[in-house]
Amino acid sequence: MKAIRLMLSTLISFLSVITYPLVLTQKYPYHFDSGTKLAFIMVALIIIYIEFFIPLHPNNYFNGVYSLVSFLIILKNYSNQFSLYLLMLFICQLLIAFIANSFEKSRPLLCIFVIPIFSTFLLIYSLFHFASANAVVTTILINILVTMIALSKSFKEQLLASICIIFALGSLYFFHYLSIIKFFIYLAIFIASLFLTKYLKNKFLNDKYPILRILLSLINILP
């Protein structure tokens with residue numbers, strides 16, 4: 001039963017990372033070649049480790065085996081169309097995942113904020129061969145919103161997080177990175193999520209953040 005639960009969480013988390021790049025494919029021309037396929041495989045390998053294996057408390061021996069298997073999979077699917085810089089980005093993410101496994105206190109920040117951001121960048125760059133300023137800002141914004149919700153536990157922390165987010169969204173609107181509609185939708189989802197968190201059962205909390213990331217990503221379908 002636990003394995004099924006972990007598999008479901010892994011799938012939801014993977015979907016949360018790929019949603020925003022897929023939304024962008026509805027707006028801009030993209031390339032889906034063997035290099036892009038490899039990028040999706042890399043992201044899947046990272047997500048499988050942090051969502052499926054970290055809860056099982058893997059040791060350093062397992063980390064070594066997982067690294068070896070990952071590189072064999074990458075080698076089998078590698079093509080000249082894939083950038084070595086993206087391969088280096090994957091290696092860095094895998095090391096960050098191992099750090100998150102070893103240091104539990106750093107896990108929320110690394111697994112909810114750092115890894116999803118760079119996984120999304122990896123997919124965006126492989127699909128479009130560039131990353132616009134707007135895509136970078138939106139990716140960071142989505143993951144900041146999710147991370148603030150995850151880390152805000154007390155009422156004071158939630159109030160401070162809300163003030164900071166209002167200021168951040170206002171700044172992005174002022175610099176034309178957000179429309180007024182997106183401003184209010186982001187804000188409404190953020191505030192609603194803050195106060196819904198404490199009413200959800202603990203077993204649903206881990207899936208809540210990827211689902212929230214999916215919702216925030218889908219907002220960008222709007223013009």
Student check: side-chain heavy atoms of Ile47 and Phe52 closer than 4.5 Å: no

For the atom pair SG (Cys164) and CD (Glu157), what is the distance rounded to the nearest 0.5 Å? 11.5 Å

Atom pair CE (Met148) and OG (Ser162), whose distance is rounded to the nearest 0.5 Å: 8.0 Å

Could you tell me whether the side chain of Lys37 and the main chain of Asn77 form a donor-acceptor pair under 3.5 Å? no

Take Leu222 and Ser179, measure what side-chain contact (heavy atoms from CB on, under 4.5 Å) needs, and give me the verdict at the end. CA-CA 9 Å; Leu222 298 173; Ser179 66; over 6 Å; no

State yes or no: do Phe130 and Ile117 share one hydrophobic cluster built from I, L, V, M, F, W and Y residues joined by side-chain heavy-atom distances below 4.5 Å, directly or via other members? yes

Rounded to the nearest 0.5 angstrom, the CD1-NZ distance for Ile73 and Lys76 is 9.5 Å

Search all heavy atoms of Ser106 against all heavy atoms of Ala100 and return the closest pair with its distance. OG-CA, 4.4 Å

Using only atom types and a distance under 3.5 Å, with no angle test, would you say the side chain of Thr25 pairs donor to acceptor with the backbone of Leu22? yes

Taking Leu187 as the starting point, is it possible to reach Phe167 by hopping between hydrophobic residues whose side chains are less than 4.5 Å apart? no

Answer yes or no: are there more than 12 heavy-atom neighbours, outside Phe175 itself, under 6.0 Å from its atom CZ? no

Could you label the plane-to-plane angle of the Phe32 and Phe40 rings as parallel, tilted or perpendicular, counting under 30° as parallel and over 60° as perpendicular? tilted

Scan residues 85-115 for pairs that pass ring-ring contact (aromatic ring centres under 6.0 Å, His included), counting only residues two or more places apart or in two chains. Tyr49-Phe98

Taken to the nearest 0.5 Å, the spacing of Leu6 CG from Ile54 CD1 works out to 11.5 Å

In this structure, CD1 of Ile124 is separated from OH of Tyr30 (nearest 0.5 Å) by 15.0 Å

Enter the distance from Thr19:OG1 to Ile142:CD1 here, rounded to the nearest 0.5 Å. 9.0 Å

Checking the side chain of Tyr209 only, and the main-chain atoms of Ser13 only, is there a donor and an acceptor separated by less than 3.5 Å? no

Measure the shortest side-chain to side-chain distance between Thr120 and Pro21 over non-hydrogen atoms and say whether it is less than 4.5 angstrom. yes

Give the cluster check for Leu141 versus Leu160: same hydrophobic cluster or not, with ILVMFWY residues linked at side-chain heavy-atom distances below 4.5 Å. no

So, do Tyr28 and Leu127 sit near enough that their side-chain heavy atoms are less than 4.5 Å apart? no

For atom CZ of Phe183, is the number of surrounding heavy atoms from other residues, nucleotides or ligands below 6.0 Å larger than 12? yes

Mind checking whether Phe184 and Tyr173 have side chains closer than 4.5 Å, heavy atoms only? no

Is it possible for you to say whether Leu75 and Leu45 belong to one hydrophobic cluster, with membership spreading through side-chain heavy-atom contacts below 4.5 Å? no

With clusters defined by side-chain heavy atoms of hydrophobic residues (ILVMFWY) lying less than 4.5 Å apart, directly or transitively, does Ile189 cluster with Val137? yes

Does the side chain of Arg107 come within less than 4.5 Å of Ile50's, by heavy atoms? no

For the residue pair Leu194 and Gln158, what are the closest heavy atoms and their distance? O-NE2, 3.2 Å

Without swapping roles, check the side chain of Gln93 against the backbone of Ser119 for a donor-acceptor pair under 3.5 Å. yes

How close do Ile214 and Ile12 get, counting heavy atoms only, and between which atoms? CD1-O, 4.0 Å

Could you tell me whether a side-chain N or O of Lys156 sits under 3.5 Å from a main-chain N or O of Lys153, the two making a donor and an acceptor? no

Sequence neighbours excluded, the answer for side-chain hydrogen bond (donor to acceptor under 3.5 Å, both in side chains) partners of Ser217 is none

Output yes when a side-chain donor or acceptor of Thr36 lies under 3.5 Å from a complementary backbone atom of Ser126, and no otherwise. yes

Test Ile165 against Tyr186 for side-chain contact (heavy atoms from CB on, under 4.5 Å), laying out the working first. CA-CA 9 Å; Ile165 290 303; Tyr186 274 127; over 6 Å; no

With a 4.5 Å limit on heavy-atom distance, are the side chains of Ile46 and Leu94 in contact? yes

Check whether any side-chain heavy atom of Ile91 lies under 4.5 Å from a side-chain heavy atom of Phe71, and answer yes or no. yes

Got a donor-acceptor contact below 3.5 angstrom from the Asn143 side chain to the Thr139 backbone? yes

Answer yes or no: is there a side-chain heavy-atom contact under 4.5 Å between Ile149 and Lys208? yes

Would Arg213 and Ile112 satisfy side-chain contact (heavy atoms from CB on, under 4.5 Å), going step by step from the backbone distance to the final call? CA-CA 10 Å; Arg213 189 179 294 113; Ile112 298 177; 3.9 Å; yes

Neighbour count >12 (heavy atoms, 6.0 Å) for atom CD1, Ile181: no

Look at the rings of Tyr125 and His129 and say which category their plane angle falls in: under 30° parallel, 30 to 60° tilted, over 60° perpendicular. tilted

For the pair Ile48 and Tyr66, evaluate side-chain contact (heavy atoms from CB on, under 4.5 Å) and give the outcome as yes or no after the intermediate values. CA-CA 11 Å; Ile48 288 170; Tyr66 193 83; 3.7 Å; yes

Give the minimum heavy-atom separation between Asn101 and His57, together with the two atoms involved. OD1-CA, 4.3 Å

